[in-house]
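Written below as structure tokens is the structure these notes are about.
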Amino acid sequence: MTLNLCILTPNRIVWDLEVKEIILSTNSEQIVDIGILRICLNEQWLTMALMGGFSRIGNNEIIILVNDAKKGIDIDPQEAQQALEVVEANLRKVKGKRQIIKANIALR
């Protein structure tokens, strides 16, 4: 059995193919967390970073609407590590609830 998986951002169609299986991190049946989507395609697992959104699941079709998405193969590990270190350093410097909230959002 296959599923039609469609991943959309406000600017583009990121994915629109049939897949065998997915693992999707959600808060509920419809709210998609910021995190990793795992996709089984041709007996291989691929990853995609999702930046939160919504999903609709039914009739062998999964539609995921997210703020942004990036395929795992397109993510540079060194660049991601450097960005994480900058955000973590900024988080340590903040004072006040509002700044802490903004810094935590940037961290995600």
Side-chain angles (χ1 to χ4, degrees):
M1 182 176 101
T2 60
L3 305 166
N4 184 45
L5 175 62
C6 184
I7 302 171
L8 307 165
T9 71
N11 301 324
R12 63 192 167 103
I13 298 171
V14 178
W15 186 280
D16 192 10
L17 291 172
E18 287 189 352
V19 299
K20 183 176 178 181
E21 182 179 358
I22 70 165
I23 300 172
L24 176 63
S25 177
T26 64
N27 285 327
S28 69
E29 290 182 21
Q30 296 178 335
I31 299 173
V32 176
D33 286 336
I34 294 173
I36 302 298
L37 168 67
R38 289 172 178 77
I39 303 167
C40 185
L41 178 68
N42 300 325
E43 304 301 323
Q44 292 188 346
W45 284 93
L46 310 171
T47 58
M48 187 173 300
L50 302 179
M51 297 307 292
F54 301 93
S55 66
R56 187 181 79 178
I57 303 168
N59 298 326
N60 294 332
E61 180 178 63
I62 302 167
I63 299 172
I64 303 173
L65 308 170
V66 290
N67 294 316
D68 199 7
K70 196 166 193 178
K71 294 176 185 172
I73 61 171
D74 295 336
I75 297 173
D76 179 347
Q78 289 179 326
E79 184 180 315
Q81 182 64 38
Q82 289 172 347
L84 176 62
E85 290 169 2
V86 168
V87 172
E88 287 177 334
N90 289 339
L91 183 58
R92 287 190 293 273
K93 295 177 188 176
V94 299
K95 296 176 182 164
K97 289 181 182 179
R98 188 175 191 170
Q99 287 182 326
I100 290 171
I101 291 169
K102 285 183 178 182
N104 276 310
I105 290 170
L107 180 61
R108 296 190 108 204

Checklist line | Nearest heavy-atom neighbours spanning Cys40 and Val19 | finding: O-CB, 3.6 Å
Notebook entry, point to check: Would you say Leu50 and Leu24 make side-chain contact, with heavy atoms under 4.5 Å?
Noted result: yes
Next item on the list: Evaluate the side-chain proximity of Lys20 to Glu43: yes if any heavy-atom separation is below 4.5 Å, no if none is.
Entry: yes
Item checked: Chi angles and distances behind the side-chain contact (heavy atoms from CB on, under 4.5 Å) call for Trp15, Leu37 -> CA-CA 12 Å; Trp15 186 280; Leu37 168 67; over 6 Å; no
Donor-acceptor pairs under 3.5 Å, side chain of residues 51-62 to any protein atom, not counting sequence neighbours: which ones?
unit_1	atom_1	unit_2	atom_2	d
Ser55	OG	Glu29	O	3.3
Arg56	NH2	Glu61	OE1	3.4

Note to self: Could you check whether any side-chain heavy atom of Leu5 comes within less than 4.5 Å of a side-chain heavy atom of Leu3, counting everything from C-beta outward?
What the structure shows: no
Check: If Ile, Leu, Val, Met, Phe, Trp and Tyr residues are connected whenever their side-chain heavy atoms lie under 4.5 Å apart, and connections chain through other members, are Leu17 and Leu46 in the same group?
Finding: yes
Next item on the list: Give the minimum heavy-atom separation between Met48 and Ala69, together with the two atoms involved.
Entry: SD-CB, 4.1 Å
Next item on the list: Taking the side chain as every heavy atom from C-beta outward, state whether Lys70 and Thr47 have any pair of such atoms under 4.5 Å apart.
Entry: no
Next item on the list: Of all the heavy-atom pairs spanning Lys71 and Val14, show the shortest one and how long it is.
Entry: CE-O, 3.8 Å
Margin query: With a 4.5 Å cut-off on side-chain heavy-atom distances among I, L, V, M, F, W and Y, is there a chain of contacts connecting Ile13 to Ile63?
Written below: yes
Checklist line | Distance in Å, Thr9 OG1 paired with Asp68 CG, rounded so as to fall on 0.5 Å steps | finding: 6.0 Å
Next item on the list: Evaluate whether atom CG of Asn42 has more than 12 neighbouring non-hydrogen atoms of other residues, nucleotides or ligands under 6.0 angstrom away.
Entry: no
Margin query: If the condition is side chain to side chain donor-acceptor pair (under 3.5 Å), which residues does Gln81 pass it with, not counting sequence neighbours?
Written below: Glu85
